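Here the structure is laid out as structure tokens; the discussion comes afterwards.
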There are 2 protein chains.
Amino acid sequence: MPALTLTSKDSSKQVLILDEWELGVIDLFLNAANSIGLPRSYGQIYGLLFCRDQSLSMDEVIKLLGISKGSASQGLRSLRQLGAISSVFEPGDRKERFVAEIRLRKLVGGFLREQADPHLDKGVGRLQQIEALLAKVDDKDSHKRGVRRHEILSGWHRQMSRLLPWVKMIVGKSDRLPQKSSD
Amino acid sequence: MPALTLTSKDSSKQVLILDEWELGVIDLFLNAANSIGLPRSYGQIYGLLFCRDQSLSMDEVIKLLGISKGSASQGLRSLRQLGAISSVFEPGDRKERFVAEIRLRKLVGGFLREQADPHLDKGVGRLQQIEALLAKVDDKDSHKRGVRRHEILSGWHRQMSRLLPWVKMIVGKSDRLPQKSSD
DNA sequence: CATGTAGTTCAAAAAAACTTGAACACTGTC
DNA sequence: GACAGTGTTCAAGTTTTTTTGAACTACATG
């Protein structure tokens, strides 16, 4: 393997540019990421991998999207943490390569696990904190009101905790639903 | 019982200060709002109203939370739009007064209606746009790949569309939900 | 152990989101 | 019409989040 050219452009190399439809998909994911509270660049990265059959290295992601090394590194790490992408090592290659997870159930599950569950957990602490503050309330009416509110919040917390497993279960189940192929 | 001079004239006025537990609740909602992608001030406003039995006017919200007129005005409007608060007019008073909606089902339903549904709707347009871009692709392989991706995205869209009604239905009914025996 | 490749970290820059407040609009009263 | 009470708008200011890129770690190879 001759390593002469630095800016090597081996003709066996796959495309280093994006199709227009790929740009469209990447933009779709950019917006989607944004609207669920993830950085745009995460959406771009996922979108790019989603478009491709072949795994991509960090280098290729950087070149194709024109983002910085830092963004790529952090984005790829977080996306893997979310279970939205996974990495593979081609034998005899030091580079880590990435592919998108395309099972919606996995995506939703990972998102809920990493984003929703922690919030619910923190909620327990917050509720306890409020309970503690309530113990120090002198005024009878205020105390009563506070207790009622605490009860409501506890109920909500319980309901949300029960909802999440259902969501995880429902999404992806429809693979098996009989479908009339339309559209 | 009456607070010291605080530019307030009428001593029959209810508290113009917040109990500690109320601050805790308001902070909880501030964080909750933040984590579902709403401005912090919306959370504060909702949290304040959530704590109170009596309706509050915009003026009172501004004074109690120490936020600006602009924030209060926009926050109250958006929260009402979301169905998270509702307004009432006391007879013989020109001021609009607000109370929090505390039924979780309503809150979740409103949130999904105002936030999730619009995104799904926009998604239709985006998918069509991608479809249009695909029509212009020459390369056979790229086209095929693109079509496959479009199909996947369409499937996801369908599944999410089906999920939302379930969520709306399940929340608020969880007393009667069948349970997965573990936890 | 010097070199080159792969990847991470983090302070500073840039961008996005949020808040503010003064000007404006609307309405009912005198 | 002038005024006072309510509420909205939005340009400018502030805060928060995201991105960048240079310095750094790690590790294989000659």
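This one's a predicted model, so the numbers in the text were calculated from it and none came from an experiment.
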S87(B): partners by side chain to side chain donor-acceptor pair (under 3.5 Å), with sequence neighbours left out: R80(B), E96(B)
Between dT8(C) (C1') and K95(A) (NZ): distance, integer Å: 17 Å
Summary of ring pair (Phe, Tyr, Trp, His ring centres under 6.0 Å) pairs that have at least one residue in residues 129-164 of chain A, sequence neighbours excluded: W156(A)-F50(B)
Rounded interatomic separation in angstrom, taking CD1 from I45(A) and P from dG7(C): 13 Å
Those residues that, when tested against I67(B), pass side-chain contact (heavy atoms from CB on, under 4.5 Å) (two or more places apart): Q44(B), I45(B), V61(B), L65(B), S71(B), A72(B)
Atom-pair distance (CG on L65(A); P on dT20(D)), nearest Å: 10 Å
Length of the line joining L79(A):CG and dT18(D):P, which is rounded to integer Å: 13 Å
Distance-only polar pair, side chains of R40(B) and N31(B), donor-acceptor under 3.5 Å: no
Gap between atoms CG and P, on L76(B) and dC18(C) respectively (whole Å): 17 Å
Any residue meeting side chain to side chain donor-acceptor pair (under 3.5 Å) with S41(B), in chain and number order, not counting sequence neighbours: none
Between P of dG5(D) and CD1 of I62(B), the distance in whole Å: 15 Å
Residue whose nearest DNA chain C nucleotide is more 5′ - D93(A) or R77(A): D93(A)
Pairs meeting criterion salt bridge (charged side-chain N to carboxylate O under 4.0 Å, His left out) with involvement of residues 101-112 of chain B, two or more places apart: E101(B)-R103(B)
Mind listing the N/O atom pairs, protein and nucleotides 19-26 of chain C, below 3.5 Å?
{"from": "dT19(C)", "atom 1": "OP1", "to": "S41(B)", "atom 2": "N", "distance (Å)": "3.1"}
{"from": "dT19(C)", "atom 1": "OP1", "to": "S41(B)", "atom 2": "OG", "distance (Å)": "3.4"}
{"from": "dT19(C)", "atom 1": "OP2", "to": "S41(B)", "atom 2": "OG", "distance (Å)": "2.8"}
{"from": "dT20(C)", "atom 1": "OP2", "to": "S68(B)", "atom 2": "N", "distance (Å)": "2.9"}
{"from": "dT20(C)", "atom 1": "OP2", "to": "S68(B)", "atom 2": "OG", "distance (Å)": "3.1"}
{"from": "dT20(C)", "atom 1": "OP2", "to": "S71(B)", "atom 2": "OG", "distance (Å)": "3.2"}

Interatomic distance, Q81(A) CD vs dT8(C) P [rounded to whole Å]: 13 Å
R97(B) CZ to dG5(D) C1', straight-line distance once rounded to whole Å: 15 Å
